[in-house]
2 protein chains.
Amino acid sequence: MKSTVKTVSNGRKKVIDACHEPCAIEKGMRLIGGKWTGSIIYHLKDEPVRFNDLCRMLGGASKKMIDQRLKELEAKGMVKRTVIAQRPVAVTYQLTPFGQTALGFLEDMRKWSEQHDL
Amino acid sequence: MKSTVKTVSNGRKKVIDACHEPCAIEKGMRLIGGKWTGSIIYHLKDEPVRFNDLCRMLGGASKKMIDQRLKELEAKGMVKRTVIAQRPVAVTYQLTPFGQTALGFLEDMRKWSEQHDL
DNA sequence: CGGTATCCTCTACGATACTG
DNA sequence: CAGTATCGTAGAGGATACCG
């Protein structure tokens with residue numbers, strides 16, 4: 001319910017975010033619908049994966065994006081980051097129990113997407 | 001497997017889209033993960049809805065966005081547009097049978113999103 | 001009513017190079 | 001190896017006005 005006011009180029013004010021709580025689907029999509037986010041979660045479904053391995057799995061995604069998405073997911077408690085002290089350092093990412101709760105509909109959606117060849 | 005080449009600011013060439021077919025989840029997300037897209041499909045789940053009614057249901061979304069999203073969904077065969085000749089004109093949108101196949105995981109995801117209060 | 005047209009802003013994303 | 005820093009661009013999305 002926050003509401004912010006901003007001045008735009010022509011000098012007038014405009015109101016941002018006035019009382020528009022988006023519906024639940026929209027909120028979910030904003031978390032999971034970012035570019036590569038769904039794929040990242042899906043590729044973590046079985047076991048912890050190291051950063052660069054994830055990069056390879058995702059082919060077209062830049063390190064920057066993957067890093068950014070992993071941080072979002074970590075902040076939301078869906079992914080856990082683990083540092084293994086060795087030389088050189090190893091870092092793995094894995095789904096938390098909460099993160100795993102998203103696998104159900106993600107898997108359904110993957111099947112759906114494959115079947116209908118979008 | 002298409003591959004395009006583009007000249008960027010510094011004068012060098014770069015290759016775009018070289019052999020990176022995104023995984024199925026990513027493709028699905030690109031279709032239903034757009035802003036408002038999921039919500040639109042969900043609000044059409046029960047019955048045909050008129051354009052302006054949809055706008056009201058979605059609160060914060062502009063006509064432009066809704067129009068754009070409906071066209072995407074129509075192009076993909078998920079939504080059917082029907083014009084009812086009367087004055088003033090009425091236009092309704094409804095899910096096609098194909099569109100309905102997406103309701104399963106969308107509903108799951110809505111529940112998930114609500115439960116965990118993202 | 002059901003859209004288009006226009007303009008503008010902002011941020012998401014990509015490429016690249018560098019670091020501890 | 002696992003990132004960060006920097007820079008650039010395209011296009012997504014919003015505000016507003018207008019139209020048949």
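Here the structure is a predicted model, which is why all the values come from computation and not from measurement.
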> Can you name the one residue among A:T96, A:T37, A:L44, A:I32 that meets side-chain contact (heavy atoms from CB on, under 4.5 Å) with A:L73?
Replying inline: A:T37
Rounded to whole angstroms, how far apart are [atom1] on [X] and [atom2] on [N]?
{"X": "B:F51", "N": "C:dC1", "atom1": "CZ", "atom2": "C1'", "value": "10 Å"}
{"X": "A:D53", "N": "D:dG3", "atom1": "CG", "atom2": "P", "value": "12 Å"}
{"X": "B:R87", "N": "C:dC1", "atom1": "CZ", "atom2": "C1'", "value": "10 Å"}
{"X": "A:M65", "N": "D:dC7", "atom1": "CE", "atom2": "P", "value": "20 Å"}
{"X": "B:Q68", "N": "D:dA12", "atom1": "CD", "atom2": "P", "value": "7 Å"}
{"X": "B:R30", "N": "C:dC13", "atom1": "CZ", "atom2": "P", "value": "7 Å"}
{"X": "A:L58", "N": "C:dG14", "atom1": "CG", "atom2": "P", "value": "11 Å"}
{"X": "A:K63", "N": "D:dT4", "atom1": "NZ", "atom2": "P", "value": "11 Å"}

> Reckon A:A61 touches a base, only the sugar-phosphate, or nothing at all at heavy-atom distances under 4.0 Å?
Replying inline: nothing
>> Counting the atoms with a prime plus P, OP1 and OP2 as sugar-phosphate, which does B:R56 contact under 4.0 Å by heavy atoms, base, sugar-phosphate, or nothing?
In response: sugar-phosphate
Does OP1 or OP2 of [N] have a side-chain N or O of [X] closer than 4.0 Å?
{"X": "A:R69", "N": "C:dA12", "value": "no"}
{"X": "B:R81", "N": "C:dG2", "value": "no"}
{"X": "A:Y93", "N": "D:dC1", "value": "no"}
{"X": "A:K71", "N": "D:dT4", "value": "yes"}
{"X": "A:R50", "N": "D:dC1", "value": "no"}

> Does the pair B:K76 and B:E72 meet the rule for a salt bridge (charged side-chain N to carboxylate O under 4.0 Å, His left out), with working shown?
Replying inline: CA-CA 6 Å; B:K76 288 289 183 179; B:E72 290 168 13; over 6 Å; no
> With no hydrogens and no angle check, is any side-chain donor or acceptor of B:R81 less than 3.5 Å from a backbone partner on B:V91?
Replying inline: no
Considering only side-chain heavy atoms of [X], which listed nucleotide, [options], is closest?
{"X": "A:K35", "options": "D:dA2, D:dT4, C:dC13", "value": "C:dC13"}
{"X": "A:N52", "options": "D:dC1, D:dG13, C:dG2", "value": "D:dC1"}
{"X": "B:D67", "options": "C:dG2, C:dG14, C:dT4", "value": "C:dT4"}
{"X": "B:K64", "options": "C:dT6, D:dG3, C:dG2", "value": "C:dT6"}

> Can you name the closest pair of heavy atoms from B:I41 and B:M78 and give their distance?
Replying inline: CD1-CE, 3.9 Å
>> Please give me the minimum heavy-atom distance between B:M29 and A:M109, naming the atom from each residue.
In response: N-CE, 3.2 Å
>> Taking the nucleotide of DNA chain C with the nearest heavy atom to each, does A:S62 or A:V89 sit closer to the 5' end?
In response: A:S62
